[in-house]
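Here is the structure we will look at, set down as structure tokens.
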Amino acid sequence: MEMEKVYNSKEIEKKWRKYWIENKTFSAKSDKNRKPFAMVIPPANVTGSLHMGHALNATLQDIIIRFKKLQGYNTLWVPGTDHGGIATQNVVEKLLMKEGKTKYDLGREKFLEKMWQWRAETGDTILDQLKKLGCGLDWDRLAFTMDESRSKAVKKAFIRLFDKGLIYRGKKLVNWCFRCGTALSDIEVEYENESSNLWYIKYPLRDSDGYIVIATTRPETMFGDTAVAVNLDDERYAELIGKTVKLPLVNREIKIISDYAIDKSFGTGAVKITPAHDAVDNEIAKRNDIETIEIINTDGKMMNVPPKYCGLSVEEARKEVVKNLEAAGFLVKTENYDHSVGKCYRCSGKIESLMSEQWFLRVREMSKEAVDATNAGRMSFHPQSWKKPYVLWLENLKDWCISRQIWWGHRIPVYYCVDGKGNRTDCKPVASFDKPSECSCCKSKNFIQDEDVLDTWFSSALWPISVFNWGEDENNGDLKYFYPESVLATGHEIIYLWVARMVQFGLEFMKDIPYGDVFIHGIVRDKRGKKMSKSLGNVVDPCDIMDKYGTDALRFALAQTAAPGRDMQISEESFLAARNFVNKIWNASRFIIMNSEDVAGLDENIQSAEFVDEWILAELARTALKIKASYESYDIDSAAREIYDFFWTKYCDWYIELSKIRVMSADLNVKKQTLSILIYVLKAALQLMSPIMPFIAEEIWRILNRNEKNIRIISESPFTEIKDVNSDSIEKMKVLQDIIVKIRTLRSEMDISPAMWIEALFNILDSDKEKIAMENESYIKQLAKISSIRFGKNITRPKNSALAVAGGFEIFLPLEGLINIEKERARLAKGIALAKREIDRTSLKLRDENFIKRAAESEIEKIKLRFREANLKIERINESLKFLG
RNA sequence: GGGCAGUUAGCUCAGCUGGAAGAGCAUUUCCCUUACAAGGAAGAGGUCGCAGGUUCAAGUCCUGCACUGCCCACCA
């Protein structure tokens, strides 16, 4: 078995990627005799290619699914993509723009053709990249939010909600993006701070010479003002409430009203009320029965205003208005002022509040049910700190604006009856899968469909049920078997946008939550803590990392930094370190495989011959327990750290090094026995790491089992049970390690060449421990480069020797001709100083009555022991100083 | 304005139910020892954000403060 010195990730990955997919390793069918464990992937937009955030999200899910598979669950992870409504349409519109065209030039049908064509060309990019990552997805179940089955689900859901009266059409104040030309829901607006001005404007009273000064950041909307509001308790304005003012520039008369929402301390305490273009004003207007005047149209141009402003953009109008107010003497003053401005989450264009006729979903009942389900513990967040904001959000939820004025998406399945001339009749619109054949009201056979499409998130919200073809058959076996799913893994940025809605829809349509656990992971940031974005140019492409360092390295690095719920910073170095770990695994395996090459009949039933064997088995048992618990609780980072520490620090640095003597032994039985244990531990470690690093684990597993008749790949080999070895080997090992490390330190400090073998004298101080060193003499010799050891009681320090106190011994290294007396003296002095500090610390505690009275017995014993050992050390060092050269 | 995280070695982060400060990277010295120089051995490096409190004992629990980041909110 030839193994290269350096792990070749590329070829090996290619092989296993292909194998898993061709052999359908991760395909799943419903099976009543097995426990299901299902996840759906958060569908990525077809616009995108894999970025580090996707890579993290996918890696974590893959780790979970692979772990659960090894635990014996019937696991299923469903892949899919999202049509991505506005985002995707924007991309294609930009492409068109390069040709100098707009979507209107093509018309709806042609434009949609273009969209589908584009999605056919690029929509699978991200899927290929998920394959590259090694994701254990069931590719037979690949879904797309706009494919047939998913579309049926969307229509079905819409019709049900519509018929139930939960979906309604109405003219309300909505968030409007001029750039995208559509309404948006409340959460699709992002707020950014912008520096602007606060203008103070006089509104003259009609019936006297007085005036009231209002402060505003939106002077241009004054044409839409229908009142001025003050707080009822504001003494300054008490007499003015109910009076009439004349709107500057136009002289329209409006009333001064009072409302509790007005903050006396802001500005002048008097506010212009523009119900058509401000959410708060809109509420105030409703409460006070104030009329609404719309002055900004959906193109962002002024309307219903004096002719000179008509058709101006909002920005232009603002300049003009301010100029004219000033000229006419209405402008009192202008202050600099920072405030937050709504921006479109898809194009960053300015969002305007305006009145618009849209479809809305009544959410009160649904959100209440979602809250109840969460509070009842039917669904839990990991980390749980997300529960509170999630519940809070649901509790304050307003009706969801679900219609979008774009073309790419699920067209709203509402049909309007039209007369012979194509004009809409008064008949009630109907929601149905297909165009109705006849109007139930007027028997007309002509219908037109609503022009709008649904919010992308409407179809996303159905994802956990639509992937199981709920739209086609809600009683199908897969849906019954796999729903509710086990866990959803996602970043915190879409908890409201997506998670909350899936829960609502799940409860509405399936009468059950979509999954029991929500695993929230952090957002990947660059090494300076900045969010990765194309515009900042700090994007690290996961595919580049996979090519450069290997996929396992990428996965390990991501896993290692994925503390639940926290954002993570990641840099090139972490991938390098992970790559080194992968290589370490490779080489340790290589050592074992090379040595077991011509050893026949390696035993599956291992027998530990020495305590070091028991030690590694005990460490393995401990580690396995911890790692499994970590996977179980989504503490992927600690699972990664545990496997790293166990494999490198315990298995490689100590156990393999210790085992070398026996592996090289001429005694075939000794060799065989030792290799059996090495292999046993290696296999167990491979299983434990395989969820994180599946490629290398699979490869080495295959090599180790190359002589088996019916080889099962690691992904399909359930965890072998690891017996907990109950022994004191871990404590004993500490003693052995102490001796070896102290000797090495001594050698290093004395500048003794690592190539030189020297002898050692072991003076027994603690007869309890002497056996450990004596029984493991060969290990001490091997690892500390000692040619011979003489054990004894009352050995005095030879002249020209160095001293170490470790493991119940005084260890002398006679260094005739090699020792640097001054250095040794200094070293011993340092040792005394350290021991003295220890004595100070411990004796202080032991003299403390309160400590003796209240501390635990075991704690006091520990301190006493430390005190004794420090004293002994000083005594020994002083003694030995006498003998120094 | 409210809420949630974070603040530990130069950098990135671990430290569970309170009992002598940990890892990786970087750094210093030595070593190409037949698994691995993508490696090995040994070092150096920390008043655990600040101030109080509880406790025999606090990085760990409590209170307040500061700074950083994120989320929410009707910043006219």
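Just the heavy atoms: all of them, side chains too, but no hydrogens, waters or symmetry mates, feed the values below. Every chain is numbered from 1 and lettered A, B, ... according to where its sequence line falls, protein lines coming before strand lines.
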Which nucleotide wins on minimum distance to the side chain of [X], given the candidates [options]?
X: A/F266; options: B/C70, B/A76, B/C31; value: B/A76
X: A/E859; options: B/C36, B/A20, B/A76; value: B/A20
X: A/R641; options: B/A76, B/A35, B/C13; value: B/C13
X: A/V280; options: B/A35, B/C74, B/G40; value: B/C74
X: A/S385; options: B/C4, B/C36, B/A20; value: B/C4
X: A/D848; options: B/G39, B/G19, B/C56; value: B/C56
X: A/V271; options: B/A35, B/C4, B/A76; value: B/A76
X: A/K862; options: B/C75, B/A20, B/A38; value: B/A20

What interatomic distance, in whole Å, is found between [atom1] of [M] and the corresponding atom of [N]?
N: B/G45; M: B/U29; atom1: P; result: 16 Å
N: B/G39; M: B/G3; atom1: P; result: 48 Å
N: B/A44; M: B/U28; atom1: P; result: 15 Å
N: B/U7; M: B/G43; atom1: C1'; result: 29 Å
N: B/G59; M: B/G53; atom1: P; result: 15 Å
N: B/U33; M: B/A21; atom1: P; result: 39 Å

Applying a 4.0 Å non-hydrogen cut-off, can you work out what [X] is touching in the nucleic acid: base, sugar-phosphate, or nothing?
X: A/R590; value: sugar-phosphate
X: A/Y496; value: sugar-phosphate
X: A/P389; value: nothing
X: A/A577; value: sugar-phosphate
X: A/K626; value: nothing
X: A/F581; value: nothing

Which of parallel (below 30°), tilted (30 to 60°) and perpendicular (above 60°) describes A/Y7 and A/W586?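 Answer is tilted, since the angle falls between 30° and 60°.
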
Between A/F556 and A/F581, what is the ring plane arrangement, given parallel below 30°, perpendicular above 60°, and tilted in between?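 Aromatic pair A/F556/A/F581 classed tilted.
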
Between [X] and [N], is there a side-chain N or O to OP1/OP2 distance below 4.0 Å?
X: A/K845; N: B/G19; result: no
X: A/H339; N: B/A76; result: yes
X: A/W648; N: B/G40; result: yes
X: A/K660; N: B/A35; result: yes

Is there a donor on the side chain of [X] or the base of [N] sitting less than 3.5 Å from an acceptor on the other?
X: A/K5; N: B/C36; result: no
X: A/Q560; N: B/A23; result: no
X: A/S340; N: B/C75; result: yes
X: A/R866; N: B/A20; result: yes

Please write out the pairs of protein N or O atoms and N or O atoms of nucleotides 41-44 of chain B separated by less than 3.5 Å, giving the distance to one decimal.
residue, atom, partner, partner atom, Å
B/A41, O3', A/R744, NH1, 3.4
B/A42, O3', A/T745, OG1, 2.9
B/A42, O2', A/S748, OG, 3.4
B/G43, OP1, A/T745, OG1, 3.1

Integer-rounded Å distance: [N] [atom2] and [X] [atom1]:
X: A/D637; N: B/C13; atom1: CG; atom2: P; answer: 12 Å
X: A/N282; N: B/A76; atom1: CG; atom2: C1'; answer: 14 Å
X: A/F867; N: B/G19; atom1: CZ; atom2: P; answer: 24 Å
X: A/L865; N: B/A20; atom1: CG; atom2: P; answer: 13 Å
X: A/E861; N: B/G19; atom1: CD; atom2: C1'; answer: 14 Å
X: A/I262; N: B/C75; atom1: CD1; atom2: P; answer: 11 Å
X: A/N580; N: B/A38; atom1: CG; atom2: C1'; answer: 4 Å
X: A/N396; N: B/G2; atom1: CG; atom2: C1'; answer: 12 Å

Looking at [Y] and [X], is any side-chain nitrogen of the basic one under 4.0 Å from a carboxylate oxygen of the acidic one?
X: A/K272; Y: A/D225; answer: yes
X: A/K548; Y: A/E572; answer: yes
X: A/R287; Y: A/D259; answer: yes
X: A/D738; Y: A/K742; answer: yes

Counterpart residues, side-chain contact (heavy atoms from CB on, under 4.5 Å), relative to A/V213 (two or more places apart):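 If we apply the side-chain contact (heavy atoms from CB on, under 4.5 Å) test to A/V213, skipping adjacent residues, the hits are A/Y200, A/K202, A/Y211, A/T268, A/V332.
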
NZ/A/K255: more than 12 non-hydrogen atoms of other groups inside 6.0 Å: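 Result for NZ/A/K255: open.
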
Is it true that, when you exclude A/R622 itself, more than 12 heavy atoms of the residues, nucleotides or ligands shown sit nearer than 6.0 Å to its CZ?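 No.
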
With sequence neighbours left out, write down each residue that passes salt bridge (charged side-chain N to carboxylate O under 4.0 Å, His left out) with A/D399, or none if nothing qualifies.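 By the salt bridge (charged side-chain N to carboxylate O under 4.0 Å, His left out) rule, A/D399 matches no residue at all.
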
Want to settle it: does A/K388 or A/I863 sit nearer the 5' end of RNA chain B, counting the closest nucleotide to each?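 So the residue in question is A/K388.
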
Hey, which of these two, A/N595 or A/R841, hits RNA chain B nearer its 5' end, going by closest nucleotide?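 Final value for this comparison: A/R841.
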
So, using side-chain hydrogen bond (donor to acceptor under 3.5 Å, both in side chains) as the criterion, who are the partners of A/R318 when residues are at least two apart?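 Result, side-chain hydrogen bond (donor to acceptor under 3.5 Å, both in side chains) vs A/R318: A/E220.
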
Under the 3.5 angstrom rule, does the side chain of [X] hit a backbone N or O of [Y] as a donor-acceptor pair?
X: A/T274; Y: A/A276; value: no
X: A/S589; Y: A/I585; value: yes
X: A/S196; Y: A/D338; value: no

Could you give me the CA-CA distance, side-chain angles and deciding distance for A/R866 and A/E869, then say whether salt bridge (Lys or Arg N to Asp or Glu O under 4.0 Å) is met? CA-CA 5 Å; A/R866 279 167 55 191; A/E869 282 182 346; over 6 Å; no

Involving RNA chain B, stems made of at least three consecutive Watson-Crick or G-U pairs, both distances under 3.5 Å: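 Ordered by first number, the stems with RNA chain B (at least 3 consecutive pairs each) read B:1-7 with B:66-72, B:10-13 with B:22-25, B:27-31 with B:39-43, B:49-53 with B:61-65.
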
Side-chain donor-acceptor pair present, A/R590, A/N587, cut-off under 3.5 Å: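 Indeed, the side chains of A/R590 and A/N587 share at least one donor-acceptor pair under 3.5 Å.
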
Members of residues 849-856 of chain A that approach RNA chain B, where some heavy atom sits under 4.0 Å away: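 Close to the strand are A/N850, A/F851, A/R854, A/A855, A/A856.
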
